[in-house]
Amino acid sequence: MPNPTLLTFKSGLPGLPEEYNQFNLKTVQENSPFYILQSVQDEEISFILINPFPFYPDYEFDLPEEDKTKLSIKEPKDVAIFSIVNASKGFKKATVNLLAPVVVNITTGSARQVILNDKRYNIRHPLPLTTESREG
């Protein structure tokens, strides 16, 4: 994906006014699992995202058909998955929301936060900060 990538959340993001629907996705640095999702409408609104798979190798879920349709996803290769990091108490105590991944159609730039119906995940999984977890 180009850096930054403009993403459009047609339904907005939960917890934000619906007019905040366009965000730039930027890599923190090359080959980093961390990203910044920053609102185009208000640059003060931003989120830390990760690619969850290096940190949680067993992370998996079935994307509901409704979400596939809303994102116009036709092929698995068109999808990128991100998780929101909560680092409000510092990175050593950071948590990751695995229950509501940000799903992106990388061919169209459309995105949505999908709330899974999956009891294995919650909104506050500890973020492993060891090298082994990043190299997965």
Side-chain angles (χ1 to χ4, degrees):
M1 292 192 303
N3 188 28
T5 300
L6 181 65
L7 301 180
T8 301
F9 290 78
K10 291 179 184 160
S11 305
L13 274 169
L16 291 179
E18 209 170 295
E19 63 265 18
Y20 295 106
N21 62 357
Q22 291 201 304
F23 289 79
N24 282 312
L25 179 68
K26 307 175 200 177
T27 56
V28 172
Q29 65 185 45
E30 195 173 337
N31 297 321
S32 170
F34 292 93
Y35 298 82
I36 301 295
L37 186 68
Q38 185 174 41
S39 171
V40 171
Q41 290 88 357
D42 182 348
E43 291 183 359
E44 297 289 314
I45 297 174
S46 62
F47 302 92
I48 301 169
L49 301 184
I50 59 166
N51 170 348
F53 302 105
F55 295 93
Y56 307 96
D58 297 332
Y59 184 55
E60 65 179 11
F61 59 89
D62 292 322
L63 188 61
E65 286 300 320
E66 175 187 356
D67 295 302
K68 286 181 190 176
T69 301
K70 287 183 177 177
L71 289 169
S72 302
I73 293 172
K74 300 187 182 2
E75 303 278 333
K77 66 178 175 53
D78 296 339
V79 177
I81 305 293
F82 299 95
S83 296
I84 296 176
V85 175
N86 179 343
S88 62
K89 295 180 182 175
F91 256 100
K92 289 185 179 179
K93 294 182 180 179
T95 60
V96 178
N97 182 344
L98 295 180
L99 186 63
V102 173
V103 180
V104 177
N105 180 331
I106 60 175
T107 60
T108 65
S110 61
R112 67 189 274 116
Q113 187 173 19
V114 176
I115 300 170
L116 303 174
N117 185 13
D118 193 321
K119 303 275 188 254
R120 295 175 294 174
Y121 307 121
N122 64 61
I123 62 170
R124 289 193 179 88
H125 286 266
L127 175 64
L129 294 176
T130 62
T131 306
E132 295 87 35
S133 67
R134 281 190 231 130
E135 293 173 352

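As the structure is a prediction and not an experimental result, all values here were calculated from the model.
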Atom pair [atom1]/[atom2] of [X] and [Y] - distance to nearest 0.5 Å:
X      : Y      : atom1 : atom2 : result
Gln38  : Glu44  : CD    : CD    : 8.5 Å
Ile50  : Ser32  : CD1   : OG    : 10.0 Å
Leu127 : Leu98  : CG    : CG    : 9.5 Å
Leu99  : Arg124 : CG    : CZ    : 11.5 Å
Arg112 : Leu71  : CZ    : CG    : 6.0 Å
Asn105 : Glu75  : CG    : CD    : 11.0 Å

Would you say the side chain of [Y] lies within less than 4.5 Å of the side chain of [X], judging by non-hydrogen atoms?
X      : Y      : value
Asn86  : Asn97  : no
Tyr56  : Pro128 : yes
Asn24  : Leu6   : yes
Phe82  : Leu25  : yes
Phe47  : Leu13  : yes
Val104 : Val79  : no
Glu60  : Asp58  : no
Ile45  : Leu16  : yes

>> One pair to check against ring pair (Phe, Tyr, Trp, His ring centres under 6.0 Å): Phe91 and Phe34. What are the steps and the verdict?
In response: CA-CA 12 Å; Phe91 256 100; Phe34 292 93; 5.7 Å; yes
>> Does atom CZ (Arg120) have a neighbourhood of more than 12 heavy atoms from anything else shown, all under 6.0 Å?
In response: yes
>> Take a 6.0 Å sphere around CD of Glu43 and say whether it holds more than 12 heavy atoms from other residues, nucleotides or ligands.
In response: no
>> Applying side-chain contact (heavy atoms from CB on, under 4.5 Å) to Val96 and Phe55, what does each step give before you reach the verdict?
In response: CA-CA 10 Å; Val96 178; Phe55 295 93; over 6 Å; no
> Could you give all pairs that pass the ring pair (Phe, Tyr, Trp, His ring centres under 6.0 Å) test and reach residues 98-129, with sequence neighbours left out?
Replying inline: Tyr59-Tyr121
>> Between Leu63 and Ile73, does the side-chain contact (heavy atoms from CB on, under 4.5 Å) criterion hold? Intermediate values first, please.
In response: CA-CA 10 Å; Leu63 188 61; Ile73 293 172; 3.8 Å; yes
>> So which atom in Lys77 and which in Ile106 form the shortest heavy-atom distance, rounded to 0.1 Å?
In response: O-CD1, 3.5 Å
